[in-house]
Amino acid sequence: MMGGYLDDKFIQGSAAQTPYSFYHWQYIDIFVYFSHHTVTIPPVSWTNAAHRHGVCMLGTFITEWKKGEQLCEAFLAGDARSHQAVADQLVLMAQFFRFDGWLINIENSLSLAAVGNLPHFLRYLTARLHQQVPRGLVLWYDSVVSSGQLRWQDELNQQNRVFFDSCDGFFTNYNWREEHLERMLGQAGERLADVYVGVDVFARGSVVGGRFDTDKSLELIRKHGFSAALFAPGWVYECLEKADFFQNQDKFWSLLERYLPTHSICSLPFVTSFCLGMGTRRVCYGQEEAVGPWYHPNAQEIQPLFGEHRLEGDGRGWVKTHCCLADAWNGGSSLLIRGVIPPKVGNVAVSVQESQLSACGCAGTLQAFSSCRSEVVLTEQPAPLPVPGERLFSLQVPVPPKIFLSLVYKLEGPSAVGVALELTTGDAGSCHVGGIMMLNAETSSRHSPRPLRVPPTKLARWVGRCGQQLSGGWVQRCYEVSLRGCLLQDLFVSFSRPPGSQEEENFTCRLGEIQVVDANSLLAPLPQVQAVTISHVRWQAAASEGEGRPAGLRLSCTLHWSYLLPHVRCFRVHCCRGTGGGSPGRGLSEPEKPTFLGLAFINRYRIVDLAVAPAGPGRDGRVEFLVEPVPKEGFLVPRAEWGRAAMLYSMPRT
């Protein structure tokens with residue numbers, strides 16, 4: 001998009017005000033980071049966001065024009081050692097940067113010698129990638145044909161079939177018609193899903209659909225059983241008003257949702273604060289930390305599906321979900337849910353898996369959980385009337401013997417509707433088909449968990465805020481559930497009318513966080529941040545702030561530390577700046593309150609041009625860096641348990 005490597009290239013984020021954000025991950029299986037550089041390595045922030053949502057990330061290897069011909073001749077026209085060396089380097093790049101494979105795009109003519117070796121190159125690359133990269137994938141773009149000519153076919157046929165047979169998938173050009181799809185049925189055989197029919201969202205050339213008519217393309221593609229490759233969905237950002245980006249992005253994907261099966265989250269913990277990895281301010285568990293635009297795709301948490309659904313019948317009951325940057329519990333955004341409970345309907349519910357909007361005809365069947373002091377009991381509830389709707393999250397998680405659930409939310413305005421969590425489970429033992437867990441509607445049952453009573457001591461940090469009114473109007477509810485042999489199918493956020501009310505109820509609710517946590521993970525000891533070191537130190541004099549005032553200093557350095565990454569969401573890096581006491585024997589003065597510097601997602605953080613005070617005559621300056629781990633289970637770690645490293649410095653003697 002727009003040449004690639006924009007604000008997303010900054011591994012520690014930036015202050016971009018209107019960046020592009022992709023958050024409809026639940027709809028897709030593969031993301032290709034595309035640009036016209038010969039070798040396009042996806043920025044690590046994109047790879048992390050994709051993997052967090054269970055999506056494969058591919059880079060691009062492209063050759064074009066005369067320069068591309070010369071490059072291909074150099075590595076394809078010779079003996080096998082040349083093209084194998086190139087393939088080996090592509091595999092090493094994928095390994096090192098932890099992405100999943102390559103889109104191969106040869107958009108220039110080839111000599112007979114070069115095109116003859118091209119299938120060997122693809123087969124070798126695919127085999128090596130499968131050996132070295134889990135879920136490794138190589139896709140071929142419809143460009144050159146077996147004669148070496150650059151002739152886009154807009155279909156899989158005998159002229160390009162040899163390339164399809166040499167890799168994992170085939171990405172067609174965009175100017176196809178339905179007759180192309182019909183012809184491909186015979187060519188693809190049992191590999192229909194490996195043919196990705198290309199759709200140019202910009203609608204350039206003679207194409208079916210595109211732009212807000214892209215659903216017309218998907219309808220035909222799905223009719224014939226093929227996969228789809230959506231090229232340049234950033235059209236909604238590049239060509240439409242930036243101020244309306246989120247509305248246009250949601251509109252684009254909502255038009256396609258019926259053709260896009262979603263994939264499932266299959267492991268615990270499942271924790272999300274709905275942060276998009278951007279915002280107009282930064283919030284940490286309800287406390288405002290900084291004001292101003294920020295963009296850090298690494299910080300994007302698991303995203304739901306967004307949309308609107310109405311109850312069957314007169315359509316007076318409805319629920320709409322969308323992301324919102326106006327407020328957040330943790331990060332820069334939250335999930336806003338607006339809806340209406342019509343008369344004679346007890347509640348409406350948004351499912352965290354099936355996101356069905358459901359209605360119960362008996363008012364008062366469900367209650368808001370206003371206390372966290374009662375024992376957990378799973379009770380059968382009359383099932384609401386099922387209403388088709390889009391999903392928020394797809395979950396297929398085998399439930400451990402005991403799980404804990406948490407919901408952080410707040411109601412806006414005068415609404416008194418009740419808010420509660422409900423869960424649906426299926427019998428995991430009866431749903432195993434060929435290694436794929438399938439849910440059986442007949443074995444599903446819906447439960448209303450009651451809130452958690454007094455927790456074990458080791459859970460104190462996790463439940464520290466449960467049942468309390470928190471800053472900013474947020475409320476956190478926590479639940480304990482004991483089940484065996486079940487598959488977690490969906491979580492509902494249920495909205496019920498106040499007792500005694502028979503009128504239409506409007507509500508606006510903001511979800512700040514949802515957690516589903518294996519109880520055993522909260523009983524295990526928390527690892528410590530260890531061995532914090534400071535390296536690659538650089539000092540620079542800063543400009544004087546005024547006459548008679550000493551010039552400040554700018555410090556750049558790299559922090560390293562040791563920590564088991566699977567246990568952590570991220571690290572929050574802070575500093576305390578100050579000067580030491582008078583003489584060495586009198587010790588150091590207390591540092592001030594820590595200043596938040598940024599987020600790290602590995603055991604390393606680069607600090608650039610940090611302003612520090614100059615050391616006075618006969619005194620040491622002191623700066624301390626603190627590394628706060630943020631556990632996957634989402635609780636605060638006391639400052640005494642953060643990793644730390646201090647640096648003492650003095651001014652050079654003259």
Side-chain angles (χ1 to χ4, degrees), residues 25-29 49-56 134-135 261-274 301-305 335 349-356 358 376 378 383 389-408 420-449 452 459 462 477-494 511 513-524 566-569 631-635:
W25 295 102
Q26 299 289 342
Y27 282 132
I28 70 170
D29 304 293
H51 288 173
R52 195 170 293 132
H53 292 85
V55 173
C56 291
R135 302 193 307 169
T262 58
H263 50 84
S264 300
I265 296 165
C266 301
S267 63
L268 298 181
F270 168 63
V271 179
T272 181
S273 64
F274 307 100
E301 301 210 340
I302 297 175
Q303 295 298 306
L305 302 178
L335 181 66
V350 179
S351 163
V352 180
Q353 186 261 343
E354 295 274 6
S355 182
Q356 291 179 330
S358 304
V376 173
L378 293 179
E390 84 284 343
R391 289 171 286 186
L392 280 184
F393 294 105
S394 178
L395 298 172
Q396 292 191 35
V397 181
V399 181
K402 182 180 290 184
I403 58 174
F404 293 104
L405 300 92
S406 169
L407 171 68
V408 177
L421 269 182
E422 296 181 349
L423 60 88
T424 298
T425 60
D427 180 356
S430 64
C431 305
H432 190 274
V433 179
I436 301 175
M437 302 300 291
M438 304 292 291
L439 295 178
N440 185 337
E442 285 71 29
T443 63
S444 295
S445 55
R446 185 165 171 176
H447 314 273
S448 290
L452 188 64
L459 301 178
W462 188 80
R477 304 290 185 227
C478 305
Y479 310 89
E480 175 184 334
V481 182
S482 296
L483 295 170
R484 291 187 182 276
C486 295
L487 194 69
L488 182 59
Q489 181 175 343
D490 43 20
L491 287 172
F492 288 88
V493 181
S494 174
L511 295 189
E513 186 176 71
I514 287 179
Q515 295 190 38
V516 184
V517 179
D518 183 348
N520 284 334
S521 71
L522 291 175
L523 299 177
H567 295 284
V568 75
R569 263 165 120 169
K632 282 193 173 179
E633 294 81 9
F635 54 82

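Computed from heavy atoms alone, side chains included, the values below leave out hydrogens, waters and symmetry copies. Since this is a predicted model, take the numbers as computed values, not measurements.
With values rounded to the nearest 0.5 angstrom, T272 atom OG1 is found 8.0 Å from E513 atom CD.
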Candidate pair Q303 and Q26, rule side-chain contact (heavy atoms from CB on, under 4.5 Å), full reasoning: CA-CA 8 Å; Q303 295 298 306; Q26 299 289 342; 5.9 Å; no

Run the side-chain contact (heavy atoms from CB on, under 4.5 Å) test on L335 and I514 for me, step by step, so that the C-alpha distance in whole Å, both residues' side-chain angles and the decisive distance to 0.1 Å come before the verdict. CA-CA 10 Å; L335 181 66; I514 287 179; over 6 Å; no

Run V517 and L522 through side-chain contact (heavy atoms from CB on, under 4.5 Å) and show every step you take. CA-CA 8 Å; V517 179; L522 291 175; 3.9 Å; yes

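The side chain to side chain contact (heavy atoms under 4.5 Å, CB included) test applied to N520 returns D518, L523, not counting sequence neighbours. Contacts of H567 classified as side-chain hydrogen bond (donor to acceptor under 3.5 Å, both in side chains), with partners at least two apart in sequence or in another chain: none. Remark: K632 pairs with no residue by the side-chain hydrogen bond (donor to acceptor under 3.5 Å, both in side chains) rule, at least two apart or across chains. Judged as a side-chain hydrogen bond (donor to acceptor under 3.5 Å, both in side chains), and not counting sequence neighbours, the contacts of E301 are S273, R569.
For the residue pair L511 and F274, the shortest heavy atom distance occurs at O-CD1, 3.6 Å. The shortest heavy-atom contact between R135 and C56 is CZ-SG, 3.8 Å. When every heavy atom of A420 is checked against every heavy atom of Y479, the shortest pair comes out as CA-OH, 4.3 Å. When every heavy atom of C266 is checked against every heavy atom of P398, the shortest pair comes out as O-CD, 4.2 Å.
Looking at V397 and V516, their side chains never come closer than 4.5 Å, going by heavy atoms from C-beta outward.
Of the options V271, L268, I403, V408, a side chain to side chain contact (heavy atoms under 4.5 Å, CB included) to Q515 is made by V271 and by none of the others.
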